[in-house]
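Below you'll find the structure, written out as structure tokens, and then a few comments.
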Amino acid sequence: MTATKGLEGIVAAESSISSIIDGTLTYRGYNIDDLADYATFEEVVYLLWHGKLPNRDELSALQKQFDENAAISPAVIDQMRLYPSNANTMAVLRSAISALALYDELADDMSREANVAKAVNLQAKLPTVVAAYARLRAGKEPVAPQAGRSIAYNFLYMLTGEEPEASAVKAMDKALVLHADHELNASTFAARVTVATLSDIYSGIVSAIGALKGPLHGGANEAVMKMLEEIGSLDRVEDYIQDKLNRREKIMGFGHRVYKNGDPRAKHLQAMSRELGSKSGNLELYNMSVRIEEIVTGQKGLKPNVDFYSASVYTLLGIPRDLFTPIFAVSRVSGWTAHILEQYENNRIIRPRAEYTGPAVQRYVPLADR
Ligand SMILES: CC(=O)SCCNC(=O)CCNC(=O)[C@H](O)C(C)(C)COP(=O)(O)OP(=O)(O)OC[C@H]1O[C@@H](n2cnc3c(N)ncnc32)[C@H](O)[C@@H]1OP(=O)(O)O
Ligand SMILES: O=C([O-])CC(=O)C(=O)O
């Protein structure tokens with residue numbers, strides 16, 4: 001038995017949800033470029049869960065379900081009041097989602113119907129949880145979501161309590177579409193491993209949130225923003241990046257396990273970063289990002305991934321840095337739940353082998369003789 005480090009190139013599941021073939025990403029066969037340009041996030045969620053785009057009635061029924069499930073119980077809000085105001089926001093999300101399960105009577109009901117209902121509940125509540133914590137830690141009361149509004153609208157609205165601009169809602173919606181699913185990425189794999197033991201959907205999502213938190217995965221969007229903040233201005237990019245490359249340090253937001261010729265989502269986020277920068281009259285973050293890309297791609301051949309330009313996009317939308325990875329989760333919970341439902345449909349426990357590299361057989365030595 002020979003191990004493959006990081007399971008590179010190993011096909012570990014069959015899935016009909018999303019594909020990456022020759023650098024092209026599709027959700028259920030629809031090219032991400034078309035979905036980014038024309039679909040709403042709600043249409044994409046329906047597509048991921050049900051395998052087809054919704055008609056008007058199906059879309060309104062989904063919207064109604066989101067409206068009915070978006071509010072979080074006062075018990076969960078009261079728990080969140082006790083969280084430290086400087087807690088890691090992904091740890092907050094992980095804890096709050098775990099707590100949600102305690103108040104769901106269907107938590108351990110394994111029927112398909114109950115699991116779809118829980119997927120709706122999770123998708124509806126994740127944005128509410130993230131926005132509620134952002135307000136609570138600032139000493140403000142959570143703002144309830146508005147019925148009949150998109151997840152993108154409500155998320156921005158619940159953060160500030162003010163009606164968001166249409167252009168901001170459009171950008172947020174597109175970012176959610178772009179992050180919704182991505183084949184067998186680390187967090188989705190973690191979710192599938194957890195539920196393949198026939199554990200419940202909440203446990204799967206808590207596992208996924210934990211995996212997304214890391215800076216080699218979803219946490220990279222925050223790390224990119226931290227780097228942009230450290231650099232501070234366009235004229236400092238060259239020295240900073242060159243120094244990092246000389247020290248063989250990683251540049252966050254670059255590279256990918258699967259895409260070697262570029263992540264198809266990055267160009268959409270780059271365009272959004274430029275548009276939002278122009279609109280705000282401040283293109284500094286965009287220009288800095290482009291310069292970083294020129295240097296890193298020029299010297300290392302590494303291309304930006306989905307996390308690179310999303311950092312400037314979210315900042316230009318006025319969102320604090322430590323909400324970037326939770327926003328990734330707000331979108332990706334659609335894909336996680338689709339994969340969990342798919343896993344339950346055709347389940348077998350996921351249990352690979354390890355190549356043993358420890359000592360050969362040893363004789364036990366009693367404690368007194370050691
Ligand atoms: C949503 C997402 O999860 S997208 C990914 C988000 N993560 C990041 O942006 C973090 C930075 N990037 C990375 O750490 C990696 O590129 C990963 C984790 C995304 C992929 O990891 P792997 O598939 O193991 O990387 P891969 O095998 O292609 O790396 C090849 C070489 O490029 C280097 N490399 C990869 N990414 C980077 C980077 N961002 N900066 C500098 N060097 C890099 C590796 O160190 C390796 O060098 P070596 O051969 O000298 O050891
Ligand atoms: O697929 C991956 O390894 C990481 C990624 O880009 C994602 O999850 O969107």
Side-chain angles (χ1 to χ4, degrees), residues 3-13 15 17-21 23-27 32 35-36 44 48 90 175-192 205 207-228 240-270 289 292-314 324-339:
T4 305
K5 199 165 182 198
L7 297 183
E8 179 166 9
I10 303 288
V11 178
S15 177
I17 301 170
S18 61
S19 70
I20 306 168
I21 299 170
T24 299
L25 170 63
T26 67
Y27 298 166
I32 191 63
L35 294 172
V44 164
L48 294 174
M90 284 299 276
L176 295 178
V177 168
L178 289 166
H179 286 82
D181 195 46
H182 211 244
E183 203 224 41
L184 212 53
N185 62 87
S187 54
T188 300
F189 188 50
R192 289 189 79 132
I205 299 303
S207 298
I209 293 170
L212 188 72
K213 176 174 178 283
L216 297 188
H217 188 17
N221 56 12
E222 293 185 33
V224 170
M225 196 57 225
K226 195 159 177 282
M227 172 174 76
L228 289 167
Y240 181 99
I241 296 295
Q242 199 54 63
D243 186 48
K244 261 194 178 307
L245 290 176
N246 293 345
R247 284 190 275 121
R248 302 186 68 78
E249 283 179 23
K250 280 195 169 171
I251 312 294
M252 303 315 272
F254 285 85
H256 200 276
R257 170 58 64 81
V258 182
Y259 299 119
K260 298 303 173 195
N261 292 315
D263 181 332
R265 300 164 296 180
K267 61 180 178 296
H268 293 282
L269 290 151
Q270 175 171 4
S289 304
I292 295 171
E293 179 180 345
E294 281 167 5
I295 300 170
V296 176
T297 306
Q299 290 192 28
K300 300 274 295 186
L302 292 164
K303 306 269 173 63
N305 57 48
V306 71
D307 288 316
F308 186 62
Y309 284 99
S310 58
S312 46
V313 164
Y314 297 143
F324 295 2
T325 315
I327 290 174
F328 196 148
V330 163
S331 165
R332 185 57 59 85
V333 71
S334 60
W336 291 333
T337 46
H339 278 265

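Reckoned from all heavy atoms, side chains included, excluding hydrogens, waters and symmetry mates. In each ligand, atom 1 is the first atom listed, and ligand 1 is the first ligand listed.
Scanning all protein heavy atoms for the shortest distance to atom 18 (C) of ligand 1 gives L216 O, 3.9 Å. Residue, atom and distance of the protein heavy atom nearest to atom 34 (N) of ligand 1 are L302 CD1, 3.9 Å. Atom 40 (N) of ligand 1 has as its closest protein heavy atom I251 N, 2.9 Å. Of the protein's non-hydrogen atoms, R257 N, 3.8 Å is the one closest to atom 20 (C) of ligand 1. Remark: minimum distance from atom 3 (O) of ligand 1 to any protein heavy atom is reached at H217 ND1, 2.7 Å. What sits closest to atom 15 (C) of ligand 1 on the protein, heavy atoms only, is K250 NZ, 3.9 Å. The nearest heavy-atom contact from the protein to atom 2 (C) of ligand 1 is D307 OD2, 3.5 Å. The protein heavy atom nearest to atom 36 (N) of ligand 1 is F254 O, 3.8 Å.
Summarising the geometry of P264 relative to L25, their closest heavy-atom pair is CG-CB, 4.0 Å, with the distance given to 0.1 Å. Shortest non-hydrogen contact noted between S15 and H339 is OG-CE1, 3.5 Å. For the residue pair M252 and F308, the shortest heavy atom distance occurs at O-CD1, 3.9 Å. N305 and G255 make their closest contact through ND2-O, 2.9 Å (heavy atoms, listed as atom of the first residue, atom of the second, distance). Counting all heavy atoms, side chain and backbone alike, S334 lies closest to T337 at O-OG1, 3.0 Å. Across all their heavy atoms, I209 and M90 have their closest contact at O-CE, 3.5 Å.
Using a 4.0 Å cut-off between heavy atoms, A186 makes no contact with ligand 1 at all. Only the side chain of N305 comes within 4.0 Å of ligand 1, counting heavy atoms alone; its backbone N, CA, C and O stay farther away. Only the side chain of F328 comes within 4.0 Å of ligand 1, counting heavy atoms alone; its backbone N, CA, C and O stay farther away. Counting heavy atoms closer than 4.0 Å to ligand 1, residue E8 contributes nothing at all. Contact annotation: for L245 versus ligand 1, there are no heavy atoms closer than 4.0 Å.
Between atom OH of residue Y240 and atom CD1 of residue I251 there is a gap of 7.5 Å, rounded to the nearest 0.5 Å. With rounding to the nearest 0.5 angstrom, the NZ atom of K303 is 11.0 Å from the CG atom of D263.
Among residues two or more places apart in sequence or in another chain, the salt bridge (Lys or Arg N to Asp or Glu O under 4.0 Å) test is passed with R247 by D243, E249. Residues passing the ring-ring contact (aromatic ring centres under 6.0 Å, His included) test with Y27: none are found, sequence neighbours excluded.
Not a single protein heavy atom sits closer than 4.0 Å to atom 51 (O) of ligand 1. Protein heavy atoms are found less than 4.0 angstrom from atom 11 (C) of ligand 1. The presence of a protein heavy atom under 4.0 Å from atom 44 (C) of ligand 1 is ruled out. Per-atom contact check: atom 47 (O) of ligand 1 does not touch the protein, criterion being a heavy-atom distance below 4.0 Å. Protein non-hydrogen atoms do not reach within 4.0 Å of atom 30 (C) of ligand 1.
Within 4.0 Å of ligand 2, contacts by protein heavy atoms are made from H182, N185, H217, H256, R265, F328, R332.
Around atom 26 (P) of ligand 1, the closest heavy atom drawn from K260, H179, H256 belongs to K260.
Ring geometry for F328 versus H179: interplanar angle over 60°, hence perpendicular rather than tilted (30 to 60°).
Here salt bridge (Lys or Arg N to Asp or Glu O under 4.0 Å) pairs that include residues 250-262, with residues two or more places apart or in two chains, number zero.
Note on ligand 1: P215 sits in its first shell, one or more heavy atoms being nearer than 4.0 Å.
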